[in-house]
Amino acid sequence: MTSIGSPLEWGVFAAVVIVALAVDLGVFNRTAHRIGFREAAVWTAVWTALALGFNGLVLQRFGPVRAAEFFQGWLLELALSVDNVFVFILILQTFRVAEEQQHRVLFWGILGAVVARGVFILAGAALVTRFQWVMYILGAFLIFTAGKIVLAKHDTFDPAKNPMLRLFRRLIPTTDDFEGSHFVVRRNGRLMATPLLAVLALIEVSDVMFAVDSIPAILGVTTDVFVVFTSNIFAILGLRSLFFLVAGLVRILRFLKIGVALILAFIGAKILIASFVHVPVLISLGVIAGVLGLSALASFVFPERPKPGPVGD
């Protein structure tokens with residue numbers, strides 16, 4: 001397991017994240033309110049600026065190759081997070097979570113995701129470092145995942161039928177109605193979960209499921225724990241504001257899933273041929289950025305045609 005980060009770099013990263021989260025929740029979002037487009041755009045810009053600023057620190061401390069790996073990992077995780085946005089929208093709409101409470105749920109959900117991602121990354125990097133042949137399994141898995149994305153039919157995910165949610169309600173006493181922004185309330189001297197806590201648990205489970213695809217993809221870019229973890233976490237932390245910004249836009253980007261599939265297939269192939277052909281980091285970064293840009297452009301140039309209504313309408 002390798003890591004270019006010294007205690008100083010890890011400390012700077014932790015300080016940036018902690019201060020930004022404290023300002024986000026403790027100052028600007030102290031009281032529950034609906035997150036509008038303008039506020040979401042501002043916070044998306046803030047998290048993007050923080051990620052790029054930290055990318056500049058990586059460039060200054062460790063050179064252009066590591067900086068390109070960081071940017072590539074950050075961009076890749078953002079692209080793979082599009083599916084998270086779809087599922088988050090579905091979960092929040094299914095359980096009719098009030099718009100004023102959505103930021104709070106996503107805030108704590110993404111904090112939990114940070115911990116889960118750290119465990120996945122450390123375990124994955126340790127496994128790859130000790131058993132180099134695992135990389136070939138990861139490469140094949142990414143190509144398989146790409147094929148699954150292309151061939152998959154429309155998503156039929158139903159949060160209400162999720163087995164983890166049913167298990168949650170069976171094991172933990174839950175109130176019938178939401179209790180404002182509270183995850184837990186006391187009823188007749190007994191602590192009970194609210195549906196908001198169940199929604200939070202479901203968001204955590206969905207993120208762990210998506211990590212199974214995204215972590216192998218980023219390990220295909222680099223196995224350096226510092227680069228993988230910091231780029232991944234900056235992308236995940238920016239996902240919350242991105243959710244409010246693109247909740248309506250993601251449905252317009254009809255070719256983005258195809259673009260993500262091509263990127264996963266490219267990284268998988270790059271892993272499999274690494275012993276014979278070395279693909280420079282800048283070329284890899286160009287492929288990822290180019291595919292994302294072209295898939296977004298194609299979505300606007302060739303929008304999905306509206307389905308014809310019944311005859312006589």
Side-chain angles (χ1 to χ4, degrees), residues 1-22 46-81 84 110-132 134-135 138-139 142 207-208 210-240 242 263-264 267-268 270-271 274 278-289:
M1 187 187 305
T2 60
S3 174
I4 58 173
S6 68
L8 174 62
E9 280 84 31
W10 281 107
V12 170
F13 167 72
V16 169
V17 170
I18 291 171
V19 169
L21 288 176
V46 168
W47 282 111
T48 299
L50 288 174
L52 296 180
F54 195 82
N55 200 177
L57 175 65
V58 174
L59 174 64
Q60 189 269 328
R61 299 281 293 180
F62 308 112
V65 173
R66 291 302 192 195
E69 289 176 348
F70 177 97
F71 186 74
Q72 189 176 345
W74 175 73
L75 192 63
L76 178 60
E77 180 59 37
L78 283 179
L80 293 173
S81 293
N84 292 48
I110 288 175
L111 274 190
V114 168
V115 177
R117 293 302 176 101
V119 173
F120 270 86
I121 289 169
L122 289 174
L127 194 62
V128 167
T129 301
R130 185 165 184 178
F131 306 104
Q132 289 291 327
V134 170
M135 288 298 295
L138 293 181
L142 291 177
D207 185 79
V208 169
F210 284 113
V212 173
D213 288 339
S214 66
I215 298 304
I218 294 180
L219 289 175
V221 173
T222 177
T223 57
D224 186 278
V225 174
F226 182 75
V227 174
V228 173
F229 185 76
T230 55
S231 63
N232 192 273
I233 297 308
F234 270 116
I236 289 296
L237 291 175
L239 179 61
R240 184 185 66 263
L242 192 65
I263 289 170
L264 291 179
I267 294 176
K270 188 180 78 166
I271 292 173
H278 172 66
V279 180
V281 174
L282 290 179
I283 291 179
S284 182
L285 176 59
V287 169
I288 292 177

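Nothing here was measured: the structure is a model prediction, and the numbers come from that model.
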(message) List the residues meeting ring-ring contact (aromatic ring centres under 6.0 Å, His included) with F70, not counting sequence neighbours, and say none if there are none.
(response) F54

(message) Could you work out, with side chain to side chain donor-acceptor pair (under 3.5 Å) as the rule, every residue matching Q72, not counting sequence neighbours?
(response) S284

(request) Start with the C-alpha gap between I263 and V287, add the side-chain angles, then the distance that decides, and say whether side-chain contact (heavy atoms from CB on, under 4.5 Å) holds. (result) CA-CA 8 Å; I263 289 170; V287 169; 5.8 Å; no

(message) Quick check: F13 with F234 (ring centres under 6.0 Å apart)?
(response) yes

(message) Give me the atom names and distance for the closest heavy-atom approach of A20 to L50.
(response) CB-CD1, 3.8 Å

(request) Show the numbers, then the answer: is there a side-chain contact (heavy atoms from CB on, under 4.5 Å) between T230 and E9? (result) CA-CA 10 Å; T230 55; E9 280 84 31; over 6 Å; no

(message) Could you tell me if the side chain of V228 sits less than 4.5 Å from the side chain of L219, heavy atoms only?
(response) yes

(request) Output the distance between atom NZ (K270) and atom CD1 (I283), rounded to the nearest 0.5 Å. (result) 10.5 Å

(request) Would you please name every residue forming a side chain to side chain contact (heavy atoms under 4.5 Å, CB included) with T48, sequence neighbours left out? (result) T44, L52, W74

(message) Tell me which pairs pass salt bridge (charged side-chain N to carboxylate O under 4.0 Å, His left out) where either residue lies in residues 48-60, with sequence neighbours left out.
(response) none

(message) Nearest 0.5 Å, please: how far is CG in D224 from CD in E69?
(response) 7.5 Å

